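Written out below as structure tokens is the structure these notes cover.
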Amino acid sequence: MTITTLDTPSAKPLLDWYDRHHRDLPWRVAPGMAARGVKADPYRVWLSEVMLQQTTVQAVKPYFERFLQRWPEVTDLAAAETDAVMAAWAGLGYYARARNLKKCAEAVANEHGGVFPDTEEGLRSLPGIGDYTAAAVAAIAFDRQAAVMDGNVERVISRLYAIATPLPAAKPAMKQKVALLTPADRPGDFAQAMMDLGATICTPKRPACSLCPFRGACKALKLSDPELFPVKAAKKEKPVRYGAAFIAVTADGEILLRRRVDSGLLGGMTEVPTTAWTARIDGETSAAAAPFAAAWQASGTVIHVFTHFELRLSIWRAAIATKIDRNDGWWEPVTNLEAQALPTIMKKAIAAAIPLAFKTSKG
DNA sequence: TAATCGTGGTA
DNA sequence: TTACCAAGATT
């Protein structure tokens, strides 16, 4: 008997658990189908995996359905207008994902004959596909024995082996454990089972260990408290930045919009004119920083929390009698804002100035 | 390696 | 209310 066998639980109890308790999701096929020659559509798997990066299943579902309805095949997405893709992605966050999604679709359509590469290495070379997504698509869509490790799997593995090394330093060791656990038979189901286990049983808080197929093998459960794992490096404090946003409204109900540069925060997305977002309260939050002179009226403050800073945006509104010609933007009817590539912070800013701009406005 | 990059839900 | 975090990738 090898050390590997002594140290590595069987995947069988997990697959049995998955057969009974798997989540039904729009991009999935039923468990065990791969063995009968029925594989998930690589386009659907890839699209869902990119959308699910750092994003909840609940948030992804409606976006996934809309994308699939509008662009049923990867070649359809490749042929789409980038602005249309950005507008469809608006609200989902991490907008570089949308730009890379489009680039990836184009690469598949133009350089791979419209067919996704069926190996982890081939997938990994495409835009927006990193270690996790390459392994996930390879395993789920192509039945490859790839080691799939996301945040769920990290949590399960860290507990199963009581790994005391903090993340992200522990990742390579964890990946090795996943590779040893991943079976040659049903690797795609195994990957999805590990993620479902992490999402529903081996949760960050109050895990349901009594229902876990690994309860007999889990070192954290035996030696310590599973909730103490994974150990993570301390997080940095979020700084606060300040700025102002300007909503200019014409008599016939149009507002001034412009396009952000392709790189960086909210890259390529649509915005109302704003100042730079600086670390201190100063003149940049006042009407003096507006793109042009008008009777700017204070319309409150919008607070929005990004990944690495908090933004406090002073909102200014002005009624514009004569539409000023702008070469750095365009006038858009308020009735057509839903079709724009407006990130959530911009919808909040507009809603603060024009409460009825969006049906779903939370004021 | 560390910083950057959104948003909404939950306890 | 605050803190955490959810199927990470890129630079």
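In this text, all values refer to a predicted model and were calculated from it rather than measured experimentally. By convention in this document, chain letters (A, B, ...) are assigned in the order of the sequence lines, proteins followed by strands, and residues within each chain are numbered from 1. Heavy atoms only: backbone and side chains are in, while hydrogens, waters and symmetry mates are out.
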* To do: Considering only NZ, NE, NH1 and NH2 on the basic side and carboxylate oxygens on the acidic side, decide whether A:Asp131 and A:Lys175 come within less than 4.0 Å.
  => no
* **Rounded interatomic separation in angstrom, taking CZ from A:Phe306 and P from C:dC4** => 20 Å
* Rounding to the closest angstrom, what is the interatomic distance between C:dT11 and B:dG6 at atom P? -> 14 Å
* Asked: Of the nucleotides C:dG8, B:dG9, B:dG6, which one has an atom closest to the side chain of A:Gln58?
  -> B:dG9
* Asked: Looking for any heavy atom pair under 4.0 Å, which part of the strands does A:Ile129 touch: base, sugar-phosphate only, or nothing?
  -> sugar-phosphate
* Return the value, rounded to whole Å, for the distance between atom CZ of A:Arg97 and atom P of C:dG8. => 9 Å
* If we take the C1' atom in both B:dC5 and C:dC5, what is their distance in whole Å? -> 15 Å
* Structure fact -> Per nearest nucleotide of DNA chain C, the residue lying toward the 5' end, A:Arg124 or A:Lys235, is A:Lys235
* C1' atom, C:dT10 versus B:dT1: distance in rounded Å? -> 13 Å
* Respond yes when some side-chain nitrogen or oxygen of A:Thr56 is under 4.0 Å from OP1 or OP2 of B:dG9, and no when none is. => no
* Are A:Glu254 and A:Lys323 ion-paired here, with the side-chain N under 4.0 Å from a carboxylate O? -> yes
* Remember a base hit wins even if backbone is also touched, and classify A:Thr133 as base, sugar-phosphate or nothing at under 4.0 Å, heavy atoms. => sugar-phosphate
* To do: For A:Glu332 and A:Trp330, test the side chains for any donor-to-acceptor distance below 3.5 angstrom and give the result as yes or no.
  => yes
* Asked: Could a donor-acceptor pair under 3.5 angstrom be found where the side chain of A:Thr307 meets the base of B:dG6?
  -> yes
* Within this structure, what is the CG-to-P distance between A:Leu265 and C:dT10, rounded to whole angstrom? -> 18 Å
* For A:Glu49 and C:dA9, what is the distance between atoms CD and C1' respectively, to the nearest whole Å? -> 14 Å
* Asked: For the pair made of CD1 in A:Ile345 and P in B:dC5, what is the distance, rounded to whole Å?
  -> 15 Å
* Phosphate contact (C:dT10 OP1 or OP2) by A:Tyr94 side-chain N/O below 4.0 Å -> no
* To do: Would you check if the distance from the ring center of A:Trp296 to the ring center of A:Phe246 is below 6.0 Å?
  => yes
* To do: Find which nucleotide of DNA chain B each of A:Lys205 and A:Gln53 is nearest to by heavy atoms, and output the residue with the more 5' nucleotide.
  => A:Gln53
* Asked: Does the ring centre of A:Phe67 sit less than 6.0 Å away from the ring centre of A:Phe64?
  -> no
* Is there a donor-acceptor contact under 3.5 Å from the side chain of A:Arg97 to the main chain of A:Met51? -> yes
* Indicate, with a heavy-atom threshold strictly under 4.0 Å, whether A:Gly198 touches base, sugar-phosphate, or nothing. => nothing
* To do: Report the nucleotide, chosen from B:dG6, C:dA6, C:dT10, that has the shortest atom-to-atom distance to any side-chain atom of A:Arg155.
  => C:dA6
* Asked: For A:His304 and B:dG6, is the shortest distance between a side-chain N/O and OP1 or OP2 below 4.0 Å?
  -> no
* Structure fact -> Separation of C:dG8 atom C1' from A:Lys175 atom NZ, nearest Å, is 12 Å
* Between B:dA3 and A:His308, is there an OP1 or OP2 to side-chain N/O distance shorter than 4.0 Å? -> no
* **Gap between atoms CD and C1', on A:Glu237 and B:dA3 respectively (whole Å)** => 17 Å
* Nucleotide C:dG8, atom C1' - distance to OH of A:Tyr132 in whole Å -> 9 Å
* Distance-only donor-acceptor test, A:Thr55 side-chain atoms vs B:dG6 base atoms, 3.5 Å -> yes
* Which part of the nucleic acid, if any, lies within reach of A:Val50 when heavy atoms closer than 4.0 Å are counted: base, sugar-phosphate only, or nothing? -> nothing
* Between A:Lys12 and A:Asp16, is there a side-chain N and carboxylate O pair less than 4.0 Å apart? -> yes
* Indicate, with a heavy-atom threshold strictly under 4.0 Å, whether A:Arg23 touches base, sugar-phosphate, or nothing. => base
* To do: Assign A:Leu25 to base, sugar-phosphate, or nothing according to its heavy-atom contacts below 4.0 angstrom with the strands shown.
  => base
* For A:Gln54 and C:dG8, is the shortest distance between a side-chain N/O and OP1 or OP2 below 4.0 Å? -> yes
* To do: Under 4.0 Å between any heavy atoms, over every strand shown, what does A:Trp46 touch: base, sugar-phosphate, or nothing? Just pick one.
  => nothing
* Under 4.0 Å between a side-chain N or O of A:Arg206 and OP1 or OP2 of B:dA11? -> no
* Describe the nucleic acid contact of A:Gly264 in one word from base, sugar-phosphate, nothing, applying a heavy-atom distance below 4.0 Å. => sugar-phosphate
* Asked: Contact class for A:Pro343 vs. all strands (heavy atom < 4.0 Å): base, sugar-phosphate, or nothing?
  -> sugar-phosphate
